[in-house]
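Working notes, beginning with the structure itself.
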Protein chains: 2
Amino acid sequence: MNIGDVAKRTGLPAKTIRYYEEIGLIRPLRDTNGYRVFREADFHKLAFLGRARALGFSIEDCRTLMALYEDEDRASADVKRLAKKHLDQIEEKIAQLQSMQTTLTHLVQECAGDNRPDCPILKDLASG
Amino acid sequence: MNIGDVAKRTGLPAKTIRYYEEIGLIRPLRDTNGYRVFREADFHKLAFLGRARALGFSIEDCRTLMALYEDEDRASADVKRLAKKHLDQIEEKIAQLQSMQTTLTHLVQECAGDNRPDCPILKDLASG
DNA sequence: ATAGGGGTTCCAGTCACGGGAAGGTCAAGG
DNA sequence: CCTTGACCTTCCCGTGACTGGAACCCCTAT
């Protein structure tokens, strides 16, 4: 498989796949013409990475998860701890965003949104 | 006021304040020794920026909001449109995170988290 | 011979700062 | 007068996870 094929099959941009090689997440072979050659195992790794990234795991977390996946002697506790920590961060982020959402929703509701200059949004920003 | 005073009063790091000057959001005066000198108006601008940033507005949005704030002939509709667009993005982000949260919560619940290698989290990542 | 659709590398930019080096300034204490 | 320590200055690099683009090579079909 060339990079274009893997890109189609995984849904990852070719640029991203090259980047993952650059940072050592995958090690595809090379053809005599210099083209990357992806084996089925490379494809599986990329699909794994794509799903982990879609769940919001950082690249470094993905690296750890892949290492755990390939370690037959892993403890599921290590995976769970990583996932739980990530979940906690997601929940914290959601809380932050919801706080912004609450404030902004109120402000937007209160703003007339006409061609007059009077605006509660700016008033709030100006005076806390 | 020197930068340290403004940093304390606004809660913004001095580094951030220097950065805001660099990108033209504020224009403090300079003392003969080269130190930045902040007037009350500069402090107000920084406080405004701090609050806008805390609501998640991008720097460019903040620039626009400040311009609108200083424009006596603004239309509140322009402010409202900007805030609404930002609110929509926040809500989209929240939805994405909640989707991750749902999946991760299930996976974490199902994982035994002991010293055995069997792990539904890795299983999910490996096979979609 | 050429056109096109692959592929390759390398460089720069994103966003909003943060860290740290190297050095100038100022007020207080010995 | 000298030093100490807390300020302040500029400058440059690094962050995360890519994305865009330039310049160039490779392969197949016409």
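Not measured: the values here are computed from a predicted model. Below, chains carry the letters A, B, ... as their sequence lines are ordered, and counting in each starts from 1. The figures that follow rest on heavy atoms only: side chains count, while hydrogens, waters and symmetry mates do not.
Using a 4.0 Å cut-off between charged nitrogen and carboxylate oxygen, B/Arg36 and B/Glu21 count as a salt-bridge pair. Note on A/Glu110 versus B/Lys80: no salt bridge recorded, every NZ/NE/NH1/NH2 to OD/OE distance being 4.0 Å or above. The existence of a salt bridge linking B/Asp42 and B/Lys45 is excluded, since no basic side-chain nitrogen approaches an acidic carboxylate oxygen closer than 4.0 Å.
For A/Ser76 and B/Asp118, the side-chain atoms include no donor-acceptor pair closer than 3.5 Å.
Rounded to whole angstrom, the span from the CG atom of A/Asp31 across to the P atom of C/dG7 amounts to 12 Å. To the nearest angstrom, P of C/dC10 lies 9 Å from CD of A/Glu22. The OH atom of A/Tyr19 sits 18 Å away from the P atom of C/dT8 (whole-angstrom rounding). Distance CG (B/Leu12) to P (C/dA16): 14 Å, rounded to an integer number of Å. Summarising the geometry, the separation between CD on B/Glu60 and P on C/dC17 is reported as 12 Å, rounded to the nearest angstrom. Spacing between atom NZ of B/Lys15 and atom P of D/dG14 amounts to 14 Å, rounded to whole angstrom units. To the nearest angstrom, C1' of C/dG7 lies 13 Å from CD of A/Glu21. Per the geometry, CD1 belonging to A/Ile23 stands 10 Å off C1' belonging to D/dC18, to the nearest Å.
In terms of phosphate contacts, B/Arg30 brings a side-chain nitrogen or oxygen within less than 4.0 Å of OP1 or OP2 of D/dT10.
Residues A/Ile59 and B/Ile3 each lie close to DNA chain D; by heavy-atom proximity, the contact nearer the 5' end of the strand is made by B/Ile3.
Relative to the six-membered ring of B/Tyr35, B/Arg30 misses at least one condition, a distance below 6.0 Å or an angle of at most 45° to the axis.
Residues of residues 32-39 of chain B that place a heavy atom closer than 4.0 Å to DNA chain C, in numerical order, are B/Asn33, B/Tyr35.
Remark: of the listed residues B/Lys84, B/Arg81, B/His86, B/Lys84 is the sole one forming a side chain to side chain contact (heavy atoms under 4.5 Å, CB included) with A/Val108.
Residue-level contact check: B/Arg53 touches the backbone only, with heavy atoms under 4.0 Å from sugar-phosphate atoms and none from bases. Note on A/Tyr20: only backbone sugar-phosphate atoms sit closer than 4.0 angstrom, heavy atoms only; bases stay farther off.
Distance from the side chain of A/Thr16 is smallest to D/dC18 among D/dC18, C/dG7, C/dG18.
Remark: side-chain polar atoms of B/Arg74 are paired, donor with acceptor, to backbone N or O of B/Asp71 under 3.5 angstrom.
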